[in-house]
Every structure is written in C-alpha cells, then in structure tokens.
There are 2 protein chains.
Amino acid sequence: MTRMTAARSPYDPADRPRLGLRERKKIKTREAIRAATYALVREQGYDATTIEQIAERAEVSPSTVFRYFPTKEDIVLTDEYDPLMLEELRARPEDEPWMDSLRHVMRKALDLSEQEDPEVLRLRAQLGYQVPAIRSRYFESMTETGRLLRRALAERTGRDPESLEVRVSAMALIGGMMEVSMYWAENGFEGELRDLMERALDVMEHGPAAENP
Amino acid sequence: MTRMTAARSPYDPADRPRLGLRERKKIKTREAIRAATYALVREQGYDATTIEQIAERAEVSPSTVFRYFPTKEDIVLTDEYDPLMLEELRARPEDEPWMDSLRHVMRKALDLSEQEDPEVLRLRAQLGYQVPAIRSRYFESMTETGRLLRRALAERTGRDPESLEVRVSAMALIGGMMEVSMYWAENGFEGELRDLMERALDVMEHGPAAENP
DNA sequence: CATGATTTTGAGAGTTACTTTCATTTCATG
DNA sequence: CATGAAATGAAAGTAACTCTCAAAATCATG
C-alpha cells in the first residue's frame, strides 16, 4: 500500500543513537501508533476508525494509545515545529521588517514539512477541512503557535507581548494562516501551499480592505 | 440566586404571539434547557455538569436535550446574531470604508448583546477562555460568522468571496476578534468589550506590524 | 367534540472516547 | 542475578452522544 516513511521529526532519534532501549522503544511505539492511525484513516476515514483498531494494528493495548496521546485528534495532529519556528524567527536580522521575517520562516517551515512527508501535510489539511473535531484541535494547536508569534513579534517591535495589540496581531495572523490551509484542502491541493501562504501574508500585511490585484 | 432573565433573543417569540401551541412550547423548552445549563454551570462548573442534570433541572428527558442541541457546548453558545449582522453590514452606506462599517456593526452587536444579557456575554467569554471544548465550538461558530464576513466584504469591495484574499481577510478578522474575547476574560472583564474590540479593529486595519501608540 | 394523522417526547439499549486503578512485565543498574 | 523503577495491559467505570420504538401531546378535519 502506502510507503511507510519514517517521517523523521525535527528531533530525530537517529541523530543521537545514544538513547536507552526504553527511550528508543517509546519512540517506536509512538510512531507505530501514528502510522497505524494514518493508514486506518486513509482506508476507512477518521470517524470510522476506533481507538481499538488503532491499538490492534499498532500492536499495543488501547490503554497505551491513550498514554501516548491524550485524544484521538492528537494522534493525527501532534508535531513539534513550534520551538524551531521561534528559533528561526529570532535568527532573522533585527532590522528586517517583521512580515518579511515571517514570510521567510513560514516558507522554510512549509518546505521542510513538504520534503519530510508531503502526504502528512495534505492529510492533516484535508482532515482539518472535513472533520470538525480535528479542525478544532488544529486551531488549538495554532493558538499555541500564536503565543510564540506574539513573543517574537513583541521582541521585534519592542512591545509588550501581553498587550491587546500584539495578541490580536498574532491571532489575526493565525486565523489567516488557518484559512490558507482550509482553502488549500477545499480546492483539492491545487497550487503550492507555500505560494498561497505568501499571498495570505501579503493580504494581512496591509489590512483586509487594501486593494489587491 | 441569579435572576433568571428571559434573555430575549433577536427573534423574540413574544413579538409574534401568533404561533401554534407546539411552536411556543418548543421555544420554552429550548430556553428552559439553556437556563438550566447556565445555572448549573455557574454552580458547579462546565465539566462537572452532566446532560442528565441539565435534563432533570429543565424537566425534560436527556433524549430531548439532544434533540434540541447537538452537543453540550452548543447549549452554552448557540445564538443567531449572524443574519442580523449581515443585514446591518449591508445597510451601511456603500461608500463607507469597510473597516468603519465593521466597527459600527460590531459596536452595535456588542451593545445589543450587553443590554440584553450582560451575564451571558461574560459567561461565554469565560468558558471560552477556560474550557477547551467550548473554545473550539466558539471558534467554529466564529468561522461561520467569517463566511458572512467574506460575503459582505466581497460585496463591498467587488471581489470574489471565494478568493483566497477575501477569505484570508475575513478569517484574520475573526481570529483577532476571538482573541479580544479571550483577552477580556483573561483580564477579568476589565474595561468595556466594545472598546477593546475597537482597538483590535484599529490594529487589524493597518496590519500587525504597524506602529500603534 | 371526536377521530385520525402528525409531531414530539421518553425510555432504553448501544457505541465510543477517555479515565482510573492495579497487577504484571520489561528494562536499568549495582 | 537481584532489586527498584518505569512501561504495559486488563478491566471496570463515566459521560457524551446515537438509534429505535412506543406512548403521549397537538393539530386538522368532519
């Protein structure tokens, strides 16, 4: 069926093989659960896939599934790109306009994710579009990203990260980005996500009512 | 305990007493369920409140509760301001700048809601802030509002409501507005929500990186 | 007002995500 | 290999939702 790529995460265990057997096993289990979930969801759809089936295919008990992921949605969505993003944002030159920095970082993040596992990027977007529960969880995780965004934005512009202005700016960006993903899925993944994101950032840079070509 | 205001909804039944007994009873049941839920949630918190308790206090069966509201979160959140908002937006003069129209309409909506039932406005914001499930549903409902927003924005600016640009603009606004509500609840409802909203719209009008006082 | 059609309700059983508890197994370490 | 710590599985429990069906309330008629 589908090629079972290992989906090397940003903190790939293979980079530091000096991990105890226990740790390595945990990582394997985690990925087994995720792989089983992706496969089943592709075969039967999200709602039709039960935790029991996932557990069975991943060869663990249902209890273990919940030990690794708090909710079913998390199995599909969890990743850890956020810290990387913050780091990248901070690494951009101080005097670069904020929105340019953001453009660079987003492009980089999307490129990376696309190259690591293009299927997963699409599957997530599609599930986010189709399944309300996933969309919700998706939004929650983007809200966390929003917290990073406001920290970075505050640092860059010398404002208080907890001020209404900064918080609203960050979440407006998040809202816009979320919509890009929905749009992409809704239109059958037509075009490069990277380009759509770029257009979205252009729009948001100048406010919603500005003239766009 | 708390005064059990009837919370006259925008389409108040009392305005048209010419409804069959059946219809009137349905509206009563609906409001009984909501009132019971609000009361219980205030007493015990959201999670501790079960559908069974709600049903008992509203003097209906649990099945009936689910017949009136698809999910527990909906009992707290459902309202029907959206169509009104669209109407108001359309009623604004054609040549008024879009963001000014939005400011007017939002102010009006918030004033209305505050005057109809200030408690509910606060309770919702607070639950949205504290309870992830509610926040999710809150966001979903704002997404629907976003669809209206993009229609109105498209009409006003002569663009395609399904274009990426319009959709992103609308959802960015929604994201920003959502954050206003969170901010308000998080800071103990300090200040007028109306004023916070105004400030948020100012921010979003000019883009996230613009200088604000 | 009686009667039959239609709508609404409640009772009950079933599904599934998630929780909690506890005994058993698996690994790490001296 | 022995001992302690961590990970697992089995099992029972909770609560949100779904489905089905029969009883009850309302409505539209003659």
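Every chain is numbered from 1 and lettered A, B, ... according to where its sequence line falls, protein lines coming before strand lines.
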*Counterpart residues, side-chain hydrogen bond (donor to acceptor under 3.5 Å, both in side chains), relative to B:Glu198 (two or more places apart)*: B:Arg107
*Quick one: which of C:dC18, D:dA16, D:dT8 gets closest to the side chain of A:Phe66?*
C:dC18
*For B:Arg57, enumerate each residue passing the salt bridge (Lys or Arg N to Asp or Glu O under 4.0 Å) test, keeping only those at least two apart in sequence or located in another chain.*
B:Glu43
*Could you state the CZ-P distance from B:Arg24 to C:dT7, rounded to the nearest angstrom?*
19 Å
_Can you list, in residue-number order, the parts of residues 123-132 of chain B that come under 4.0 Å of DNA chain C, counting heavy atoms only?_
none
*Could you please name the option among C:dT9, D:dG9, C:dC18 that lies closest to any side-chain atom of B:Tyr68?*
C:dT9
_Axial bend angle, the helix from C:dC1-D:dG30 to C:dG30-D:dC1: five-pair end segments, nearest 10°_ = 20°
*Starting at NZ of A:Lys72 and ending at C1' of C:dA17, how long is that distance when rounded to a whole Å?*
8 Å
*Along nucleotides 25-30 of chain C, 5' to 3', which nucleotides get a B, which get an S, and which get a -, given that the test is a protein heavy-atom distance under 4.0 Å?*
-BBS--
*Pair B:Glu165 + B:Arg159, salt bridge at N-O below 4.0 Å*: no
_Going by the rule side-chain hydrogen bond (donor to acceptor under 3.5 Å, both in side chains), which residues pair with A:Glu162 if we only count those two or more places apart in sequence or in a different chain?_
A:Arg150
_DNA chain D-proximal residues of residues 51-64 of chain A, any heavy atom under 4.0 Å_ = A:Val60, A:Ser61, A:Ser63, A:Thr64
_Sequence-distant partners of B:Arg92, side-chain hydrogen bond (donor to acceptor under 3.5 Å, both in side chains), two or more places apart_ = B:Glu96, B:His104
_I need the full list of ring-ring contact (aromatic ring centres under 6.0 Å, His included) pairs touching residues 128-149 of chain A, with sequence neighbours left out, sorted by first then second residue._
A:Phe139-B:Phe139
*asked:* Could you check whether B:Glu205 pairs with B:Arg103 (Lys NZ or Arg NE/NH1/NH2 to Asp/Glu carboxylate O, under 4.0 Å)?
replied: yes
*Send over the distance from A:Ile75 CD1 to C:dA17 C1', rounded to a whole Å.*
11 Å
*To the nearest angstrom, how far is B:Ile134 atom CD1 from D:dA16 atom C1'?*
14 Å
*Figure out the CZ/P separation between B:Arg67 and D:dT18, and round it to whole Å.*
12 Å
*How close or far is atom P of C:dT16 from atom CG of A:Leu40, stated in whole angstroms?*
14 Å
*If you round to the nearest 0.5 Å, how far is CD of B:Glu192 from CD of B:Glu114?*
6.0 Å
_Non-neighbouring partners of A:Thr49 that pass side-chain hydrogen bond (donor to acceptor under 3.5 Å, both in side chains), sequence neighbours left out_ = A:Gln44
*Round to the nearest Å and state the distance from A:Asp47 atom CG to D:dA16 atom P.*
19 Å
*Would you list the pairs meeting ring-ring contact (aromatic ring centres under 6.0 Å, His included) in which at least one residue belongs to residues 22-67 of chain B, sequence neighbours left out?*
none
*For residues 169-200 of chain B, pull every pair meeting ring-ring contact (aromatic ring centres under 6.0 Å, His included), keeping only residues two or more places apart or in separate chains.*
B:Trp184-B:Phe189
*Just do the side-chain hydrogen bond (donor to acceptor under 3.5 Å, both in side chains) check on B:Ser101 and B:Arg156 with the steps written out, would you?*
CA-CA 10 Å; B:Ser101 299; B:Arg156 182 64 69 82; 3.0 Å; yes
*Mind calculating the distance between CD1 (B:Ile33) and P (C:dT8) to the nearest angstrom?*
14 Å
